[in-house]
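Here is the naming used below: chain letters follow the sequence lines, and residue numbers restart at 1 for every chain.
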Amino acid sequence: MEGSDPRKTDFIREIIDEDIRADKHGGRVHTRFPPEPNGYLHIGHAKSICLNFGIAEEYGGKCNLRFDDTNPSREEEEYVESIKEDVKWLGFDWEDRLYFASDYFGRMYDLSVDLVRNGNAYVDDLTGEEIRQYRGNLTTPGRESPFRDRPVEENLDLLERMRKGEFKDGEKVLRARIDMAHPNMNMRDPVIYRILKASHHNTGDKWCIYPMYDWAHGLEDSIEDITHSLCTLEFENHRPLYDWFLDHLDVYHPQQIEFARLNLTFTVMSKRKLLQLVENKLVTGWNDPRMPTISGMRRRGYPASSIREFCSRIGVAKINSTISFELLEHCVREDLNRTSPRSMGVLDPLKVTIENLPDDHEDLMEVKNNPEDPGAGTRSVPFSNELFIERSDFLEDPPRKFFRLSPGKEVRLRNAYLVTCTDVVKEGGEVVELICRADLDSRGGDAPDGRKVKGTLHWVSAKHAVEAEVRLYGKLFTVEDPLGVEGDFTDHLDPGSLNVLNGCKVEPSVREKRVGASFQFERLGYFMIDPDTTDDRLVINRTITLRDSWAKIQKK
RNA sequence: AGCCCCGUAGUGUAGCGGUCUAGCAUGGGAGACUCUGGAUCUCCCGUCACCAGUUCAAAUCUGGUCGGGGCUACCA
């Protein structure tokens, strides 16, 4: 992954540099990306993936993919597969280091026995509700559980029986024995194990007690010899606990470092909220092209490299921030402009007949595939006397600075001919066809006398055109911060965020493209072939429009 | 209210005591160029939250104030 930027620096890389200088881990750098398999990955995860895998790459270290599957009640195999696919697609490789927290359940259990043995944990019979009450609140200290001082032997026995399944869900928990008056709520004797008689996607029914995050996560890092455990800011208050557990066991102690999670305007970034959109069928699925999920962006046509570039540009810091959606879009356009072959397609066709060409006229225009990339070669585009142009490229009564077609005006048909509109055919007031006269000396699009022709239109030969369904996507929400305004966030979904166009006419070469292929329809934007495409149905997604300065002018 | 974290242009960041009349990107504005009103190029748009110290010198160090965020799940 060659980043164009000279040398990224951020506070995390500074810490790592310092650790290497101090020979803290013998120069080793080992990170991990630890998703919980309870939803699809989104662009926020991409930030973490790029950070963790990127750092490992830069420092010649390693990065593990580890599923943090400690809660059987909401984790599914489907999510495991999608996450693997998304990480791979983003361009990262965990090699042979695919791990599951559930693989460590045995080790974790043994370690918890050590904790009990040393008097640092106890089995509590309080109910969930009671535990909550005993915990106190932000300003008042908690009270100690009456079971807190059980003898070690009794705790050992009870823990063993918890594991064996002798108790019902919620009947007992194992708790750390820390300090019920600690100003950090996380330190008020946090729960280590809870009883959950649920089948686990990986361990089946082997376990009926499952470790809590705070207990499990540090151990996972420790077991995997992680050097720098990078997580988001909301775990800052958990770090003392992360450290406490590791300090009270005879195990290797990695370092947790927190950074700010990604927020993006015009979207929501919580798995719970995204799940809500999916379950309530407000979108077509996790991979709906309007979703901020990796799979959604993939289907939308965002290149993986543009997402990586975006993640590199936003940087890593501890400031809570919201990145404007435009930056992501900029990265997508920049990438696609460089790499996408061009073609022509007409979304809203208006028929044009060239009056000075015979009915059976056919011709092949040799056209550059990508003006940005001479190596991309050329292709032949069929031309005839009957064409389609974009309806919005004609106005009977044009405003000033309208460089397109109108009665009597001359424009260029891209790579074809200069044409002048000589007549307008209407049916019931609606324009149904234009009659144009071509300058036959301008074949290829160059004016024979060097005269300036300001407007250039895209076109498709009517008799050669391929029909397509084109799906136009816009922002999912109408407001920058769907969670920060009145009402439920779903109230602010944009009903116009999906616009399906049928009967679009595209040049024949588009039919040859594979599913997933990106290309530009000149003057319109970047598109990609949707997986819904079949032998007799061509479905195209619009990834993003071109920057449109005409639209800007119109607004004024 | 207790604990933790943060505060540089609209947005996101660089900056690690002088080389900062604060760099870059994005965004916005103006123009040039152009067979995509695309791309490209040029120019313009910021008194480092505030106050007090330390220092010859502070965006950078110290203290305080103000502002923002997080934490009271048998979730992660």
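One N or O on the side chain of Arg188(A) and one on the backbone of His182(A) form a donor-acceptor pair closer than 3.5 Å. When atom types are taken as modelled, the side chain of Ser406(A) and the backbone of Lys409(A) share no donor-acceptor pair closer than 3.5 angstrom.
The same atom, P, is picked in rG27(B) and in rC20(B); the two are 27 Å apart, to the nearest Å. To the nearest whole angstrom, the two P atoms, one in rA22(B) and one in rG10(B), are 15 Å apart.
For the residue pair Met344(A) and Arg379(A), the shortest heavy atom distance occurs at N-NH2, 4.1 Å.
In this view, Tyr526(A) satisfies the ring pair (Phe, Tyr, Trp, His ring centres under 6.0 Å) rule with no residue, not counting sequence neighbours. With sequence neighbours excluded, the residues satisfying ring pair (Phe, Tyr, Trp, His ring centres under 6.0 Å) with Tyr213(A) are His217(A), Phe235(A).
Here Arg313(A) lies in heavy-atom contact (under 4.0 Å) with sugar-phosphate atoms only.
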So which protein nitrogen or oxygen atoms get under 3.5 Å of nucleotides 69-72 of chain B's nitrogens or oxygens?
residue: rG69(B); atom: O2'; partner: Asn320(A); partner atom: ND2; Å: 3.1
residue: rG70(B); atom: N2; partner: Asn237(A); partner atom: OD1; Å: 3.4
residue: rG70(B); atom: N2; partner: Asn237(A); partner atom: ND2; Å: 2.8
residue: rG70(B); atom: N3; partner: Asn237(A); partner atom: ND2; Å: 3.4
residue: rC71(B); atom: O4'; partner: Asn237(A); partner atom: ND2; Å: 3.4

Please write out each protein N/O paired with an N/O of nucleotides 31-33 of chain B under 3.5 Å, distance rounded to 0.1 Å.
none

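Applying the 4.0 Å criterion to OP1 and OP2 of rC6(B), one finds that Ser321(A) has every side-chain N and O outside that range. For Ser549(A), a side-chain nitrogen or oxygen approaches OP1 or OP2 of rG38(B) to under 4.0 Å. Side-chain N/O atoms of Thr140(A) include none lying less than 4.0 angstrom from OP1 or OP2 on rG2(B). Taking side-chain N and O atoms only, Arg194(A) has a distance below 4.0 Å to OP1 or OP2 of rA76(B). Side-chain N/O atoms of Lys318(A) include none lying less than 4.0 angstrom from OP1 or OP2 on rG7(B). Contact check, Thr322(A) against rU11(B): no side-chain N or O comes under 4.0 Å of OP1 or OP2.
Residue pairs meeting the salt bridge (charged side-chain N to carboxylate O under 4.0 Å, His left out) criterion with at least one member in residues 366-377 of chain A: none, sequence neighbours excluded.
Position along RNA chain B of the nearest nucleotide to Ser442(A) versus Ala317(A) favours Ala317(A) as the more 5'-ward residue. Two residues, His330(A) and Arg443(A), neighbour RNA chain B, and the one matched to the more 5' nucleotide by heavy-atom proximity is His330(A).
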What is the per-nucleotide protein-contact pattern of nucleotides 62-67 of chain B, from the 5' end, where B denotes a base atom under 4.0 Å from a protein heavy atom, S denotes such proximity for sugar-phosphate atoms only, and - denotes neither? ------
